[in-house]
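In what follows, every chain begins at residue 1, and chains take the letters A, B, ... in the order their sequences are listed.
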Number of protein chains: 2
Amino acid sequence: MTTINDIAKMANVSRTTVSRVLNNNGYVSESARKRVMKVVEETGYIPSVSAKSLRTKRSGVIGVILPKISTETASRVVGGINEVVSKEGFQILLTDTELNHEKEIEYIRLLQSRHVDGIILLATNVNDRLLHAIEESKLPFISLGQELPGVTSIVYDDYHAAVDMTTMILQKGHEKIAYIGVGEEDPAVGVLRKKGFMDTMEKAGITVEENWCSYGDFSIESGYESMKQIINSNRENPPTAAFVVTDRMAIGAMEYLKEQGYRIPGDIAITGIGAAVMSKYITPPLTTIDYFNKDAGSKAAELLLEQLQGKNTRKKITQNYRLIKRDSV
Amino acid sequence: MTTINDIAKMANVSRTTVSRVLNNNGYVSESARKRVMKVVEETGYIPSVSAKSLRTKRSGVIGVILPKISTETASRVVGGINEVVSKEGFQILLTDTELNHEKEIEYIRLLQSRHVDGIILLATNVNDRLLHAIEESKLPFISLGQELPGVTSIVYDDYHAAVDMTTMILQKGHEKIAYIGVGEEDPAVGVLRKKGFMDTMEKAGITVEENWCSYGDFSIESGYESMKQIINSNRENPPTAAFVVTDRMAIGAMEYLKEQGYRIPGDIAITGIGAAVMSKYITPPLTTIDYFNKDAGSKAAELLLEQLQGKNTRKKITQNYRLIKRDSV
DNA sequence: GATGTGTGTGTAATCGATTCCATATCGCTT
DNA sequence: AAGCGATATGGAATCGATTACACACACATC
C-alpha cells in the first residue's frame, strides 16, 4: 500500500502539503499541487479512510438499521436514502435486526464504534432501553416509521390513512367489515391502523364483532390463514368486506377467497395498505394506500444531513399518503 | 469518548492488558481480567474500529456493489449475504451503481479505501477496466451473476434455464413463439437467455421471425410495450406463446394481453424467469424459473469468507435452478 | 527601514488501537 | 543453585492520516 508519506517523498514535499492538496485547504503553490497530483495519479494512491476517520472523527458512512432487509418497504426506503446521501459522498452501512429488538440496541452501539456519522433507524417499536442507547450514542439520529420521543422522526400517518380507507369502505355501503391486523407490539401498524379503523366504525355506529378480527405476522401466508379463520367462524353471518393492514396480507386473504370461489369485490371487498408493486397487478387490482416509502427515505436522509451540518432541528414530520382506488372494493 | 487509555487507568493496568482482555489473547490474570471487564461495562466503553482497522488492516466490513438497490433480486441476494456474514460479525457496506458501469470501478476503489475485507459485486457486464480495477484492489472478490475471468464467480445457469423453459413450451405444442428480451449489453440476461431460446427453437426446426422479437429494459412497462408491439405487427399471424426473459416484463406483457381481451394461456401462453413473489399471485399464476437468489447470495458470502481465511480457491460455481410450472402456459 | 499581511511549507503532536519486546515472578526440574 | 518454561504485565513503536504551530519569504505601507 502506498501511503501519504510515499507520495510526499516522490513529490518532494512534506506530507502536510500532500494532505493540503488532497483536501483542498490551506496554501499550496501551483507547482507543488501539480507535482503531487501527478504522483497521486501515477501511483493510484488511495488515502486510508481508517486513518482519516481516526483523526477527524468522521467516516462518511451513514448507518441504517432495518427490521428486515429483503422487503419491498425496506428496499424502497434504502433506495431513497441512498439517492440522497450518495450525492454527498456518503456510503450506507446496512444492518438487519431480523425483528429482534435486542439487536436494535446492539447495532446502535456497533455503528457507533464504526464512527458512522449518523444513524437512520426503521423503527418498529419503542422502549426505554432503545431510547437510552440512542441518547448515549450522541449521534445524529432519525427514526423512520415510528415516533420516538426526543428523536427526529418521520412517521406515516397510519391513523388517518386507516380512517380514510375505512370511510371509503363504509361509503360503498358495507357494514359488516372484518379486520385483519398484526400484533400490538408494533405501535404503528398494530395499534394506529387498528385504532383508525375501530374509531371510524364506532363513529358510524357499527360494532365490530370480535370474531371478525384476526391477526397475522405480515406474511402473505398469515393473511391467507387469517381470512380462512374469519370465514370459517362466520359461516352463517359472513362479512362483506375486509380491512387488511398490509398489502401482502391482503393478497394472502384474496388468495384464500379466490380459492374458495368467492368473488372480489362482489362477495367480499378487500383493501390493503402499502402500495406493494404487486397490488396493481393481481386480479382484481387491490385498493390500497401509497405511503411514498422512497420519499420518506430521502426525507430521512435529508434531515440527517441537516443535523450533520449542525442544524439541530428536532422535528416530527408526518409523511403524506394517497389512497389508490382500484377494483377490489 | 472513553478510550482504551481511560479504561486502562481506571482498571489500574496498562492498555496492553486491556487490549488483551478485549481480544482474548495473551496471558491475563483472572483478577486483572475481572477489573477490566467491570470498568468496560460500567463505562459502556466501545473500542474505535477506525483505530483498530488502521492498525490491523481489517475492518470487519464487506463491500457489496449492486446495480440497483431497490429490486427484488438485489434485496434477496443482500439478504442471503447478510445472513452469512453477520454471523461472523461482519457488516455490509452497500453501494448502488444505478446501472452505471463507470461507478462499478469507482466503487471498487472507494471500498478499497475504506479497508473493506472483501467485495461482492452483482455484475451486469464485463470489461477490461473493471477486471483491472479488481486485480488492482488485491481484495478477496466475488462476482455474482456474471462470470468474470480470473475472479471467483457464481453464475446462474441462464442458458440451460432458457433451454428448459423453451423445451417445455414446445412440448405443450406451441410453434409460434414470440421472444421478449433485453439488450445484449447484459451478457447473462440479454445474451445467454436468448441463445438458449434460439438454439432450442432451431433444434426444433423452427425459425423465429424477426418481428416476433422485441426488447425492453427490465421494467414492467417495457414488457407491456413489447407485447403491444408484437401483437400489433402480427395481426394476421399472431404467436400462440411468448418467452419473456424476466418476470416483471412477463407481467407487463400479460397486462397488455388481458387488457386486449386475450385469454392466457388459451390464446397466448406466457413464461417468465426469476420467480418474483408476484409471479405466484397474479392471474393466471406465471410459469417461471426460480434462481434461488438468496442462496446465491449466501454462497457468495461463504466463498468470500473462505477467501478471507486464506483459502485461495478461484472457482466458478453454477447455481442450480428450478422450473416452476404454473398456469400461464 | 520597520512593520504588517498574504503565501507557502515543514515539524511534530495527535487520534486509539495492536503487538513486539523486555522484564518479572513463580514453581519445577536437574 | 542454576536454569527453564509458563504466566503476567508494561513500555514503546506503529498504523496513516490531519492540523496547530512555527518559520520563511515577498511585497506593500507608512
Side-chain angles (χ1 to χ4, degrees), chain A residues 1-37 39-40 43-61 89 109-117 137-138, chain B residues 1-40 43-61 89 109-117 138:
Chain A
M1 270 305 275
T2 53
T3 74
I4 197 171
N5 285 306
D6 303 331
I7 304 296
K9 255 177 235 152
M10 294 172 73
N12 248 312
V13 293
S14 74
R15 66 161 165 280
T16 309
T17 302
V18 177
S19 173
R20 279 198 270 256
V21 171
L22 262 29
N23 294 289
N24 251 319
N25 60 21
Y27 293 114
V28 182
S29 67
E30 200 46 43
S31 81
R33 158 166 279 116
K34 271 196 185 128
R35 261 177 301 150
V36 170
M37 288 312 286
V39 175
V40 165
T43 55
Y45 163 68
I46 300 174
S48 155
V49 176
S50 308
K52 179 170 185 158
S53 87
L54 171 59
R55 191 56 228 257
T56 62
K57 308 284 173 221
R58 338 182 77 259
S59 62
V61 173
R109 293 166 55 84
L110 189 136
L111 290 172
Q112 189 185 350
S113 77
R114 291 201 180 279
H115 291 292
V116 299
D117 296 333
S137 79
K138 301 203 170 43
Chain B
M1 269 304 276
T2 53
T3 73
I4 197 172
N5 286 305
D6 304 331
I7 305 296
K9 254 175 239 155
M10 295 171 71
N12 249 314
V13 293
S14 73
R15 65 161 165 280
T16 309
T17 302
V18 177
S19 174
R20 281 197 270 257
V21 171
L22 263 28
N23 294 287
N24 251 319
N25 58 23
Y27 293 113
V28 181
S29 67
E30 201 45 43
S31 80
R33 156 166 281 115
K34 269 194 187 133
R35 259 179 302 148
V36 170
M37 289 312 285
K38 184 151 173 283
V39 175
V40 165
T43 56
Y45 163 68
I46 301 174
S48 155
V49 176
S50 307
K52 180 168 184 159
S53 86
L54 171 61
R55 191 59 229 255
T56 61
K57 310 283 172 218
R58 335 182 80 258
S59 60
V61 173
R109 292 168 55 86
L110 190 137
L111 291 172
Q112 189 186 348
S113 78
R114 292 203 178 280
H115 291 293
V116 300
D117 295 335
K138 300 203 170 45

Trainee: Please table the atom pairs, donor to acceptor, closer than 3.5 Å between any side-chain atom in residues 1-8 of chain A and protein atoms at least two apart or in another chain.
Mentor:
from, atom 1, to, atom 2, distance (Å)
A:Thr3, OG1, A:Asn5, N, 3.1
A:Asn5, OD1, A:Arg15, NH1, 2.7
A:Asp6, OD2, A:Thr3, N, 2.9

Trainee: Would you indicate, yes or no, if D:dC15 has its OP1 or OP2 atom less than 4.0 angstrom from a side-chain nitrogen or oxygen of A:Ser50?
Mentor: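 No, no such contact exists.
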Trainee: So, OP1 or OP2 of C:dC15: does either fall under 4.0 Å of a side-chain N or O from B:Ser48?
Mentor: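 No, outside the criterion.
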Trainee: Within less than 4.0 Å of OP1 or OP2 of C:dG10, is there a side-chain N or O belonging to A:Ser14?
Mentor: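 So the side chain of A:Ser14 is within the cut-off, an N or O lying under 4.0 Å from OP1 or OP2 of C:dG10.
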Trainee: Under 3.5 Å, is there any donor-acceptor pair linking the side chain of B:Arg15 to the base of C:dT18?
Mentor: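 Between C:dT18 and B:Arg15, which were checked side chain against base, a qualifying N/O pair under 3.5 Å is present.
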Trainee: Considering every strand and a 4.0 Å limit on heavy-atom distances, what is the contact class for B:Val49: base, sugar-phosphate, or nothing?
Mentor: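 Answer is nothing: B:Val49 stays at 4.0 Å or more from every strand.
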Trainee: Would you say B:Lys57 reaches D:dG16's phosphate, i.e. side-chain N/O to OP1/OP2 under 4.0 Å?
Mentor: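 So the side-chain polar atoms of B:Lys57 do come within 4.0 Å of the phosphate oxygens OP1 or OP2 of D:dG16, strictly under.
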Trainee: Under 4.0 Å, counting only non-hydrogen atoms across every strand here, what does A:Thr56 touch: a base, just sugar-phosphate, or nothing?
Mentor: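 Here A:Thr56 touches the backbone only, sparing every base.
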Trainee: Is A:Asn23 near enough to D:dT18 that one of its side-chain N or O atoms lies under 4.0 angstrom from OP1 or OP2?
Mentor: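 Yes, within the criterion.
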Trainee: Given C:dG8, is OP1 or OP2 found less than 4.0 Å from the side-chain N or O atoms of A:Tyr27?
Mentor: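 Looking at the OP1 and OP2 atoms of C:dG8, neither is under 4.0 Å from any side-chain N or O of A:Tyr27.
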Trainee: What is the separation between atom CD1 on B:Ile7 and atom P on C:dT18, rounded to the nearest whole Å?
Mentor: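 In whole Å, C:dT18 P and B:Ile7 CD1 are 12 Å from each other.
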Trainee: Which protein N or O atoms sit under 3.5 Å from an N or O of nucleotides 20-24 of chain D?
Mentor:
none

Trainee: Taking any heavy-atom pair under 4.0 Å as a contact, classify A:Thr3: base, sugar-phosphate, or nothing.
Mentor: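 A:Thr3: backbone/sugar contact only, no base atoms under 4.0 Å.
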